[in-house]
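Below: one structure, written as structure tokens.
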Number of protein chains: 2
Amino acid sequence: MTCVMRIGQLARRSGVSVRALRYYEEQRLLESARTPGGQRDYPDEALERVQLIQDLFAAGLSSRTVVELLPCVSTGVATPAMVDQLIIERDRIAARIQDLTRAKTKLGRVIENVTAANVAQD
Amino acid sequence: MTCVMRIGQLARRSGVSVRALRYYEEQRLLESARTPGGQRDYPDEALERVQLIQDLFAAGLSSRTVVELLPCVSTGVATPAMVDQLIIERDRIAARIQDLTRAKTKLGRVIENVTAANVAQD
DNA sequence: CCTAAACCTGACGTCAACGTGAGGTACGTG
DNA sequence: CACGTACCTCACGTTGACGTCAGGTTTAGG
């Protein structure tokens, strides 16, 4: 058979594990054709999709949310409910950024404090 | 006994669960005095400390890391290793902010796309 | 003294995103 | 056709920050 891309290749190219790719399929985030022997065969576009999934995971979305939003993210077509969900998630991310920024500032001040103290000791 | 603050009060004031406070103690993040009857009694400063712990958790630090860094965060005194750790964590947070910002931008574009499509449909 | 509410210590359950074998099959190169 | 590597499907294990139930004790108030 002429395989476009098998799971090992996709894993190496995308930087995620083989297990993760099978998990994505289990969660209906990613489809695959199969060779007559039953091995997964991915089109080239799969790479892009995996990277998108990774981005959304990195943003803190759950696989359940991702599976709901992936269609409209790829196709650009969305129901009002999907749009609402998109906005909710974007706002959640924004709030999270606020939290992290605050924490970073706090840590920064602590760092200034202790380094100042150390310098004073010298 | 004259109790300063029992666990339920601290929980309500800080917004974390009673279970969480006991967990913090188990992880050595938070100490408590005990009444003769064995019930936890917290000083007023505990509230501040719990909020600090929450901030650090929210920033993605593990309890192990927090327990290592809490002393210098409260006292302002740190070994060089602790300073390194602080910097590592701050940079990790900064990187995470970058990720989230990227993801937020992506979602924002998707939202623009789909709303534009819906408007076009009208 | 009696009671209801708050508290105590175990100790097992949860959830997500995989990790990690076990045991067997497919692929492609010599 | 042999063989080494990549792949397959279960299915149980992992980690962190708690949730939750069980069974018993302490406390504050009337």
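Just so we're on the same page: letters track the sequence lines, and every chain starts at 1.
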**Request:** Mind listing the residues from residues 39-54 of chain A sitting with a heavy atom below 4.0 Å of DNA chain C? Number order is fine.
**Result:** A:Q39

**Request:** Could you identify which residues of residues 12-25 of chain B place a heavy atom less than 4.0 Å from some atom of DNA chain C, listed by residue number, or say none?
**Result:**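 The stretch gives B:R19, B:R22 as the residues lying under 4.0 Å from the strand, ordered by number.
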
What is the distance from [atom1] of [X] to [atom2] of [N], rounded to the nearest Å?
X	N	atom1	atom2	result
B:L61	D:dA17	CG	C1'	14 Å
A:L29	C:dA17	CG	P	9 Å
B:R6	D:dA28	CZ	P	6 Å
A:E26	D:dT9	CD	P	10 Å
A:R34	D:dC8	CZ	C1'	8 Å
A:M5	D:dC7	CE	P	12 Å
B:Q27	D:dA17	CD	C1'	9 Å

**Request:** Could you say whether B:R64 or B:G38 is positioned toward the 5' end of DNA chain D, judged by the nucleotide with the nearest heavy atom to each?
**Result:**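 Looking at the nearest nucleotide for each, B:R64 comes out on the 5' side.
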
Would you say [X]'s side chain and [Y]'s backbone share a donor-acceptor pair under 3.5 angstrom?
X	Y	answer
A:R109	A:K104	no
B:R40	B:L21	no
A:T65	A:L61	no

**Pairing of B:R92 and B:E89 as salt bridge, 4.0 angstrom limit** =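 A salt bridge is present here (some side-chain N lies under 4.0 Å from a carboxylate O).
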
What are the atom names and distances for every N/O pair under 3.5 Å that joins the protein to nucleotides 2-4 of chain C?
none

**Item:** Same apolar cluster (I L V M F W Y, side chains within < 4.5 Å links), B:L107/A:M82
**Value:**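 Different clusters.
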
**Message:** When you group the ILVMFWY residues by side-chain heavy-atom contacts below 4.5 Å and let the links chain together, are B:V110 and A:I88 in the same group?
**Reply:**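 No: no chain of side-chain contacts under 4.5 Å links A:I88 to B:V110.
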
Have [X] and [Y] got a donor and an acceptor in their side chains that come within less than 3.5 Å?
X	Y	answer
B:E31	B:Y24	no
A:R34	A:Q39	no
B:E25	B:S32	yes

**Message:** Is the phosphate of D:dT27 approached by B:T35 (side-chain N or O, under 4.0 Å from OP1 or OP2)?
**Reply:**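 So the side-chain polar atoms of B:T35 do come within 4.0 Å of the phosphate oxygens OP1 or OP2 of D:dT27, strictly under.
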
**Request:** Grab the two heavy atoms, one from B:V77 and one from A:V114, that are nearest each other, plus how far apart they are.
**Result:**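 So the minimum-distance heavy-atom pair works out to N-CG1, 4.3 Å.
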
**Request:** Step by step, work out the side-chain hydrogen bond (donor to acceptor under 3.5 Å, both in side chains) result for A:Q98 and A:R102.
**Result:** CA-CA 6 Å; A:Q98 295 283 332; A:R102 268 192 18 195; over 6 Å; no

